[in-house]
Amino acid sequence: MEGATRVRVYLPATTTVLRTLVDEGRLPGPHTAFAVTEVLRQHYAVSDAGADTEELEYAALLAAARASLRLLDNDPLAQRRRAVVAADVPDASVTSLDEPHIEAGAVRVTADIGLRDVASVHVDGADAEDDVRAAVNVVLEADLGSDDAQFVVDQAEGHELAWYATQEVGPLLDLL
């Protein structure tokens, strides 16, 4: 609807998910994603009271990238690269998941995410594949508190995600 308030969400993805987005033009909802929520703001108010919106959006992007590792664990056909879709969706379709055991910034998006809603896509470069592959194998252990597994995940998370405009995603996937 014209004039409706929209919110930026960061959807964890895999190259398989990106292919669906390009080929079908949409990702049917519902989705679990990340956004700048009140819970995320409160979380950073404790550790970094001066964090601005851009820094909070980056934190939501990184949370989605971590969630992408979990998706890769369940998608053996996807390239071993983290992927995140940044999309602007209707505010009314987003609900914060503010339970204590859920990561700060997690949201539920009931709407489909269409290619027209996508602002950008973020994907690891080829240099990250070995580290991502190793992290995928231990991400659940890291989630459960293993310091050794967390070290491996940190290696993957040390790689910066590359930024792609919407029209670049199809050609990117064709090169993988």
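Note that this is a predicted model, so its numbers are computed, not measured.
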Donor-acceptor pair, side chain of Arg19 and main chain of Thr14, under 3.5 angstrom: no

Val109 reachable from Leu56 in the ILVMFWY side-chain graph, under 4.5 Å edges: no

Close side-chain approach of Leu27 to His31, heavy-atom, < 4.5 Å: yes

Straight-line distance of Ser68 OG to Leu11 CG, nearest 0.5 Å: 9.5 Å

Pair Arg108, Thr32: side-chain N/O donor-acceptor within cut-off below 3.5 Å: yes

Residues clustered with Leu71, ILVMFWY side-chain links under 4.5 angstrom: none

Closest non-hydrogen atom pair between Leu72 and Arg81, with its separation: CD1-O, 3.6 Å

Heavy-atom donor-acceptor pair, Asp112 side chain to Gly29 backbone, under 3.5 Å: yes

Joint cluster assignment, Val85 & Leu172, ILVMFWY side-chain distance < 4.5 Å: yes

Closest heavy-atom pair and its distance - Leu18, Ala83: CD1-CB, 3.9 Å

Residue that, paired with Asp88, satisfies side chain to side chain donor-acceptor pair (under 3.5 Å) out of Arg8, Arg116, Arg6: Arg8

Shortest non-hydrogen contact between Ala64 and Pro12, atoms and distance: O-CB, 3.4 Å

Thr20 side chain to Thr16 backbone, donor-acceptor under 3.5 Å: yes

Pairwise side-chain contact, Tyr58 with Leu62, heavy-atom cut-off 4.5 Å (strictly under): yes

CA sep, side-chain torsions, deciding dist, call: Val153, Gln150, side-chain contact (heavy atoms from CB on, under 4.5 Å): CA-CA 5 Å; Val153 170; Gln150 184 60 51; 4.1 Å; yes

Transitive ILVMFWY side-chain link Val94 to Phe34, under 4.5 Å: no

ILVMFWY cluster, Leu161 and Val9 together (side-chain gap under 4.5 Å): no

Whether Thr110 side chain and Pro30 backbone form a donor-acceptor pair below 3.5 Å: no

Check: Val39 main-chain N/O paired with Gln42 side-chain donor or acceptor under 3.5 Å: no

Heavy-atom donor-acceptor pair, Ser120 side chain to Trp163 backbone, under 3.5 Å: no

Joint cluster assignment, Ile113 & Val121, ILVMFWY side-chain distance < 4.5 Å: yes

Taking every non-hydrogen atom, the tightest pair across Ala35 and Leu40: O-CD2, 3.6 Å

Flag side-chain contact, heavy atom, 4.5 Å: Leu21 against Leu115: yes

Full working for side-chain contact (heavy atoms from CB on, under 4.5 Å) between Glu129 and Asp124: CA-CA 8 Å; Glu129 284 188 15; Asp124 274 316; over 6 Å; no

Donor-acceptor contact present, side-chain Arg80 to main-chain Ala78, <3.5 Å: yes

By side chain to side chain donor-acceptor pair (under 3.5 Å) - contacts of Gln79 (at least two apart): none

Residue Asp148 excluded, over 12 heavy atoms near CG under 6.0 Å: no

Check against salt bridge (charged side-chain N to carboxylate O under 4.0 Å, His left out), Asp143 and Arg66: CA-CA 10 Å; Asp143 288 345; Arg66 167 68 74 101; 3.4 Å; yes

Set of salt bridge (charged side-chain N to carboxylate O under 4.0 Å, His left out) partners for Arg133, sequence neighbours left out: Asp130

Shortest non-hydrogen contact from Leu69 toward Arg82: CD2-CG, 3.8 Å

Nearest heavy atoms of Ala156 and Ala135, plus distance in Å: CB-CB, 3.6 Å

Beyond-backbone contact of Leu61 with His122, side-chain heavy atoms, under 4.5 angstrom: yes

